[in-house]
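The structure under discussion appears below in the form of structure tokens.
For reference, positions follow the sequence shown, starting with 1. The structure presented is a predicted model; accordingly, all values stated were derived computationally and were not measured.
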Amino acid sequence: MKKTTKAAMAVAAAGAVLLGGSGTLAKWTDSTTLTSAAVQSGTLDLGACVTTSGGGWYSQVYVNAPTNPNPLVYIPDITTYRLKPGFNYTYFCDSKVLATGPRLRANVTVDKTKLSGGLATASVDLRTYVTDQSNNLLYDSTSPTPNLIPVTSALNNTNLTAQVLFTIYPADTTSSGLTLNTTALTIDVKQLGLTPAP
């Protein structure tokens, strides 16, 4: 006999046994609870970008050179300060990143197109950056490929520093009376697609 036939006969015989005797249908099934550890996904989150650790607005005397030896000078109240030619102006804030998951990779950005006001479109070389706690440059709006280094779980529970920087050049005659509105500016992270596991 073929194996399929033998199997059919065995099922028929079992059926006869089940229906015999007291006339009740025996239950040949059972169930039990599966015991397993809880499954948890990774996380990717940013805290508020705050200025409590040396952030805020600063001025710096401009020099036409790759590096600037002049110190950053803190501006206590940017709302009453008046910008002037011949200076760089920069803003810093820190955002704590939560990034867990062994294969997590994400891009971080500070999109300068969210800035508004006359200075946002003036000739002041407006640029934005993001660095990690080791001062590695993760994002550079001036680069052809702005996202330089992805966020991974190695940066979990550390601060990312966002920076806005612009320059009012010494010969500038067009920026007088203009403003820069930063209220819509955000620091963002976006998860990248996973690469196949080796």
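- Note that the OG1 atom of T109 and the CG atom of L138 stand 11.5 Å from one another [nearest 0.5 Å].
- Across all their heavy atoms, T128 and V110 have their closest contact at OG1-O, 2.7 Å.
- To the nearest 0.5 angstrom, L72 atom CG is 8.5 Å from N88 atom CG.
- Partner of F166 under the ring-ring contact (aromatic ring centres under 6.0 Å, His included) criterion, chosen from Y58, Y89, F87, Y91: Y89.
- The number of heavy-atom neighbours closer than 6.0 Å to NZ of K112, taken from other residues, nucleotides and ligands shown, is above 12.
- Rounded to the nearest 0.5 angstrom, T179 OG1 and L83 CG are separated by 9.5 Å.
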*Criterion side chain to side chain donor-acceptor pair (under 3.5 Å) on T186 and K114, from CA distance to verdict*: CA-CA 8 Å; T186 57; K114 294 181 179 181; 2.7 Å; yes
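- Between the side chain of D140 and the backbone N or O of N147 there is no donor-acceptor pair closer than 3.5 Å.
- Note on L119: it clusters hydrophobically with I78, by side-chain heavy-atom contacts below 4.5 Å among ILVMFWY residues.
- Scanning both residues, P146 and S141, for their nearest heavy atoms gives CB-CA, 4.4 Å.
- In the displayed structure, K190 atom NZ is contacted under 6.0 Å by at most 12 heavy atoms of other residues, nucleotides or ligands.
- How far CD1 of I149 is from CG of D132: 7.0 Å, rounded to the nearest 0.5 Å.
- Heavy-atom minimum distance, V63 versus T67: CG2-O, 3.8 Å.
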*Can you list the steps and then say if Y81 with S59 is a side-chain contact (heavy atoms from CB on, under 4.5 Å)?*
CA-CA 10 Å; Y81 185 86; S59 67; 4.0 Å; yes
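- In this structure, a donor-acceptor pair under 3.5 Å is present between the side chains of S175 and D172.
- The shortest side-chain heavy-atom distance between T182 and W57 falls under the 4.5 Å cut-off.
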_Derivation and outcome, side-chain contact (heavy atoms from CB on, under 4.5 Å), residues K84 and I168_ = CA-CA 7 Å; K84 47 188 177 288; I168 300 183; over 6 Å; no
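- Annotation for T51 and C93: closest pair CG2-CB, 4.0 Å, computed over non-hydrogen atoms.
- For the residue pair T161 and D94, a side-chain donor N or O sits within less than 3.5 Å of a side-chain acceptor on the partner.
- A donor atom on one side chain and an acceptor atom on the other are found under 3.5 Å apart for Q163 and T90.
- V130 and L98 fall into different hydrophobic clusters, where Ile, Leu, Val, Met, Phe, Trp and Tyr are joined by side-chain heavy atoms under 4.5 Å apart, directly or via other members.
- Applying the 6.0 Å contact sphere to CG of D77 captures more than 12 heavy atoms from other residues, nucleotides or ligands.
- No side-chain donor from either of D45 and T43 sits under 3.5 Å from a side-chain acceptor of the other.
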*Evaluate side chain to side chain donor-acceptor pair (under 3.5 Å) for T167 paired with R127, printing each intermediate quantity in order.*
CA-CA 9 Å; T167 302; R127 54 263 197 212; 3.2 Å; yes
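- In the hydrophobic clustering, where aliphatic and aromatic side chains (Ile, Leu, Val, Met, Phe, Trp, Tyr) are joined below 4.5 Å either directly or transitively, Y62 groups with Y169.
- Atoms CG and OG1, from L165 and T142 in turn, are 10.0 Å apart once rounded to the nearest 0.5 Å.
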*What do the steps show when you test L115 against N181 for side-chain contact (heavy atoms from CB on, under 4.5 Å), and what is the final call?*
CA-CA 6 Å; L115 294 165; N181 187 344; over 6 Å; no
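- Heavy-atom minimum distance, V97 versus L155: CG1-O, 3.3 Å.
- The line from CG of L185 to SG of C49 is 8.5 Å long, rounded to the nearest 0.5 Å.
- Considering only heavy atoms from C-beta on, N107 comes within 4.5 Å of L192 through its side chain.
- Residues L104 and Q191 form a side-chain contact, since some pair of their non-hydrogen atoms from C-beta on lies under 4.5 Å apart.
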*Applying side-chain contact (heavy atoms from CB on, under 4.5 Å), run through N157 and K96 and close with a yes or a no.*
CA-CA 6 Å; N157 206 35; K96 181 170 287 189; 3.3 Å; yes
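- A single hydrophobic cluster is seen to contain both I187 and V151, as judged by linkage of ILVMFWY side chains at heavy-atom distances under 4.5 Å, directly or through other members.
- Between A120 and L180, the shortest heavy-atom contact is N-CD1, 3.8 Å.
- A donor-acceptor pair is defined here as one N or O able to donate and one able to accept, closer than 3.5 Å; such a pair exists between the side chain of N70 and the backbone of V61.
- Under a hydrophobic-cluster definition in which Ile, Leu, Val, Met, Phe, Trp and Tyr are linked whenever side-chain heavy atoms come within less than 4.5 Å, directly or via other members, L46 and L137 are assigned to the same cluster.
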